[in-house]
Each structure stands twice: as structure tokens, then as C-alpha cells.
Amino acid sequence: SKSSLGAERVVPSRHFSTTLHAVEWLRRGRPNFRLIGMETTEHSKTYTNVSYPGRPGPRIAQENDGGEVPTKNSPGVALFLGNEVSGVDTEIV
């Protein structure tokens with residue numbers, strides 16, 4: 001996959017071997033995060049019409065820059081996007 005140069009400093013990311021491992025890690029480590037699977041179904045809502053918890057714009061601080069560092073209990077959202085063909089892993093939906 002490709003992303004913009006320097007995006008790793010703006011969009012925090014972490015790799016997991018399976019989606020289930022990611023969900024388990026978030027449930028333990030970020031208990032106030034809302035986990036959202038983005039999938040096209042007959043019950044889907046347009047993602048721009050959904051209210052997401054947490055305040056807008058908290059960012060991960062870079063070393064010595066004085067930026068805000070979210071705590072373990074900060075509210076937030078984790079979006080799960082599926083494979084183009086198979087969608088979000090059915091094990092977590």
C-alpha cells in the first residue's frame with residue numbers, strides 16, 4: 001500500500017497479523033474506543049452521516065514538540081476497512 005511521505009507522523013498505525021488480534025488489543029488497551037467495521041450492507045450508514053465519539057483532532061505528540069498525547073482512557077474510534085473483494089473479516093463483524 002502507498003501513503004503520503006511523512007504520513008506515519010500524522011496517522012498513527014500499528015500492524016497485527018489478524019484483524020481479531022487488532023480488535024483484542026484495542027479492547028484491552030483502549031477500552032473507550034468505539035470499534036467500527038466499514039462494510040457495504042443493506043444496514044450500512046454513510047460514514048459522513050455518523051457521529052463519532054471523542055473530540056476532533058487529538059494528535060500523537062512527536063518527541064519534545066509539546067503536542068497532546070491521548071491517554072489509554074481517551075475516547076476515540078478505530079475504523080476497520082475490509083479487503084476489496086472479501087470485505088471486513090467476518091470473525092469480527
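Minimum interatomic distance between Ser17 and His21 (heavy atoms only, all atoms of both residues): OG-ND1, 2.9 Å. Residue Ser44 comes nearest to Glu39 through the heavy atom pair OG-O, 2.7 Å, listed as atom of the first residue, atom of the second, then distance. Taking every heavy atom of both residues into account, Ala22 and Phe16 meet most closely at CB-CD1, 3.5 Å.
Considering OG1 of Thr19 and CG of Asn83, their distance stands at 10.0 Å, rounded to 0.5 Å. Taking CD from Glu24 and CD1 from Ile92, the interatomic distance works out to 10.5 Å, rounded to the nearest 0.5 Å. Note that OH of Tyr47 and CD1 of Ile36 are 13.0 Å apart. Values are rounded to the nearest 0.5 Å.
Listed for the Thr46 side chain is no donor-acceptor partner under 3.5 Å among the backbone atoms of Thr48.
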Trace of the side chain to side chain contact (heavy atoms under 4.5 Å, CB included) decision for Val23 with Leu35: CA-CA 8 Å; Val23 168; Leu35 309 180; 3.9 Å; yes

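Leu81 meets the side chain to side chain contact (heavy atoms under 4.5 Å, CB included) test with Met38, Leu79; sequence neighbours excluded.
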